[in-house]
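We're numbering straight along the sequence, starting at 1.
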Amino acid sequence: MAKELTSRSENYSQWYQDLVIKADLAENSAVRGCMVIKPYGYAIWEKMQAQLDKMFKDTGHVNAYFPLFIPKSFFSKEADHVEGFAKECAVVTHYRLKNDEENGGVVVDPDAKLEEELIVRPTSETIIWNTYKNWIQSYRDLPILINQWANVVRWEMRTRLFLRTAEFLWQEGHTAHATKLEAIEETEKIINVYAEFAEKYMAVPVVKGLKSANERFAGALETYSIEALMQDGKALQSGTSHFLGQNFAKAFDVTFANKEGKEEHVWATSWGVSTRLMGALIMAHSDDNGLVLPPKLAPYQVVIVPIYRQLEQLATISEKVDEIIDKLKAKGISVKYDNSDNRKPGWKFAEYELKGVPVRLALGPRDLENGTIEVARRDTLEKTSAQLDGIEDYVEKLLEDIQANIFQKAYDYREEHITKVDSWEEFKDVLQNKGGFISAHWDGTPETEDQIKAETKATIRCMPLEFEPEEGKCVYSGKPSGRRVLFALAY
């Protein structure tokens with residue numbers, strides 16, 4: 001099955017599309033631009049969701065749920081916000097259908113027009129801040145630290161499974177604070193949570209940084225992001241955390257009485273990651289044979305395939321496998337035993353390789369006699385023979401090695417593809433022939449950023465939080481610059 005994939009070197013975009021579909025992660029739906037996330041793909045998302053949810057709760061956040069529909073007038077209250085999302089909004093104008101007496105089927109009932117149109121949420125700042133107005137009167141009501149797991153709709157014209165779809169799943173945090181400092185600390189805390197999740201669980205190295213004014217979230221004063229690098233040299237924004245200042249509090253008149261009894265506007269943040277992380281996971285690690293999943297996010301970390309000719313042999317093998325499964329599960333290792341009789345072992349090997357299962361164990365009669373078992377690791381495709389006695393310890397260590405190796409491989413690729421340039425010619429040459437992140441001086445103006453994007457399609461991915469001040473000249477305008485920023489082509 002893996003041989004059916006287009007190779008990355010031949011057509012990276014097609015390789016990605018092939019892999020998502022053939023590894024049973026997702027497929028296009030009957031609704032234009034929307035996807036069906038299949039059970040195997042959703043199992044990965046559930047593991048992401050569970051870990052992130054724990055990390056949010058460990059930092060004091062709680063979950064809630066807000067409406068899918070937002071009154072149109074809410075979007076008029078924060079000018080930058082409406083400008084940023086206006087072209088992507090799906091709008092509900094009527095609330096009823098009726099039978100079409102002439103042509104059959106149904107039509108929209110013209111008499112059922114809404115008094116005010118409803119927007120299908122592209123993000124929830126407006127509906128949430130309208131709600132917070134009722135919740136906040138005093139400094140004692142703060143902070144509010146709420147997260148929502150939800151779906152949103154952004155009417156994308158050109159879509160790609162997981163990376164950009166008209167509807168997608170995500171979490172969005174919305175917090176309210178008494179002081180500017182608290183809100184900024186919250187914004188930074190969350191970008192660190194995202195970075196930890198990306199690196200420790202997804203095994204994807206990221207750069208933490210600030211977005212330029214052009215790339216900020218609509219309505220934010222500052223946007224922090226984590227930026228990852230895919231195997232084709234393009235960047236992928238993998239999470240954002242926004243310091244909203246008092247913009248939304250002022251738009252919705254959300255005030256509180258401080259300790260001195262003086263009325264002040266509340267300070268706000270919002271932050272989110274989405275099923276786009278699935279795209280990052282796939283593109284950062286996978287190869288021409290299929291998915292390569294980090295063990296911490298694999299739906300099952302180990303698959304066991306019996307090798308037999310006769311049912312009596314299968315019964316003996318299964319007895320031993322049951323012991324192995326119990327020992328693995330006792331260590332918190334998820335395992336699948338595929339003793340189905342409708343596929344040959346070779347087909348199963350290819351299937352689980354395609355699906356990125358980190359460790360495959362194969363056990364046959366000869367292995368039982370020798371007290372051994374065949375072990376295959378997905379990341380390197382290496383096979384070895386291990387002792388059955390203590391196999392649970394061996395597999396536990398192997399999974400740790402695979403997680404670390406996958407991260408190190410992605411990290412080494414990222415480091416090899418951060419290139420410092422000091423001239424416009426160098427900039428264009430690296431962008432065209434090498435790809436990756438380009439570390440270059442920028443004069444800090446939106447005009448220069450726009451011109452670079454117009455000529456090359458490259459954008460400022462972020463201004464890294466960790467940097468050395470360095471006097472230089474803007475790679476495009478030649479004007480003075482005090483630091484380097486990261487440019488790249490991006491998804």
Check: [Y] and [X] side chains under 4.5 Å, non-hydrogen atoms:
| X | Y | result |
| --- | --- | --- |
| Q171 | D53 | no |
| N214 | P446 | yes |
| Y16 | V20 | yes |
| L68 | V120 | yes |

Taking atom types as modelled, is there a side-chain donor on [X] or [Y] under 3.5 Å from an acceptor on the other?
| X | Y | value |
| --- | --- | --- |
| S423 | E425 | no |
| S73 | S76 | no |
| R461 | T459 | yes |
| D232 | Y491 | yes |
| Q237 | S225 | no |
| S270 | H242 | no |
| D412 | Q408 | yes |
| E172 | H174 | yes |
| Y224 | E188 | yes |
| S481 | D443 | no |

Under 3.5 Å: donor-acceptor pair, side chain of [X], backbone of [Y]:
| X | Y | result |
| --- | --- | --- |
| Y40 | K355 | yes |
| K133 | D253 | yes |
| Q137 | A257 | no |
| Q246 | H265 | yes |
| E416 | Y411 | no |
| E156 | A166 | no |
| Q301 | P295 | yes |
| R121 | F66 | yes |
| K98 | V106 | no |
| Q403 | Y201 | yes |

Whether over 12 other heavy atoms sit under 6.0 Å from [X] [atom1]:
| X | atom1 | value |
| --- | --- | --- |
| E83 | CD | no |
| K47 | NZ | yes |
| K479 | NZ | no |
| K77 | NZ | yes |
| E263 | CD | yes |
| W149 | CH2 | yes |

Hey, is [X] close enough to [Y] for a salt bridge, meaning N to O under 4.0 Å?
| X | Y | result |
| --- | --- | --- |
| E470 | R483 | no |
| R378 | E353 | no |
| K72 | E116 | no |
| K211 | E227 | yes |
| D18 | R8 | no |

- [ ] Identify the residue among L142, I144, L145, T187 that makes a side chain to side chain contact (heavy atoms under 4.5 Å, CB included) with H177.
- [x] L145
Task: Member of T275, T159, L25 meeting the side chain to side chain contact (heavy atoms under 4.5 Å, CB included) criterion with M35 - done: T275
TODO: Any chance you could lay out the ring-ring contact (aromatic ring centres under 6.0 Å, His included) test for F85 and F217, step after step, and finish with the verdict?
DONE: CA-CA 10 Å; F85 286 101; F217 176 76; 5.7 Å; yes
- [ ] Check the pair K38, E27 against salt bridge (charged side-chain N to carboxylate O under 4.0 Å, His left out), reporting the backbone distance first and the verdict last.
- [x] CA-CA 7 Å; K38 300 180 78 172; E27 63 185 35; 3.7 Å; yes
- [ ] Measure the acute angle between the ring planes of Y132 and W129, then classify it against the limits of 30° and 60° as parallel, tilted or perpendicular.
- [x] perpendicular
Task: Parallel, tilted or perpendicular, as decided by the 30° and 60° cut-offs, for the rings of F56 and W271 - done: tilted
Open item on the list: For Q51 and M55: C-alpha separation, side-chain torsions, deciding distance, then whether side chain to side chain contact (heavy atoms under 4.5 Å, CB included) applies.
Closed with: CA-CA 6 Å; Q51 181 56 43; M55 295 170 86; 3.5 Å; yes
Open item on the list: Quick one, L489 with L431, criterion side chain to side chain contact (heavy atoms under 4.5 Å, CB included). Give me CA distance, side-chain angles, the key distance, then yes/no.
Closed with: CA-CA 8 Å; L489 297 174; L431 197 66; 3.8 Å; yes
Task: Residues W135, D141; criterion side chain to side chain contact (heavy atoms under 4.5 Å, CB included); working and verdict - done: CA-CA 7 Å; W135 293 2; D141 300 320; over 6 Å; no
Open item on the list: Measuring centre to centre across the rings, with the benzene-like ring taken for any Trp, is F427 within less than 6.0 Å of Y476?
Closed with: no
- [ ] Verify whether the ring centers belonging to H81 and F75 lie closer than 6.0 Å.
- [x] yes
Task: Residue pair C462 / P464: nearest heavy atoms and the distance that separates them - done: O-CD, 3.4 Å
Task: Considering all heavy atoms, the nearest A90-V153 contact - done: CB-CG1, 4.0 Å
What's the separation between atom [atom1] in [X] and atom [atom2] in [Y], rounded to the nearest 0.5 Å?
| X | Y | atom1 | atom2 | answer |
| --- | --- | --- | --- | --- |
| K189 | I184 | NZ | CD1 | 14.0 Å |
| T93 | K113 | OG1 | NZ | 6.0 Å |
| Y139 | E260 | OH | CD | 9.0 Å |
| N11 | T6 | CG | OG1 | 6.5 Å |
| F197 | K54 | CZ | NZ | 13.0 Å |
| K296 | L399 | NZ | CG | 11.0 Å |

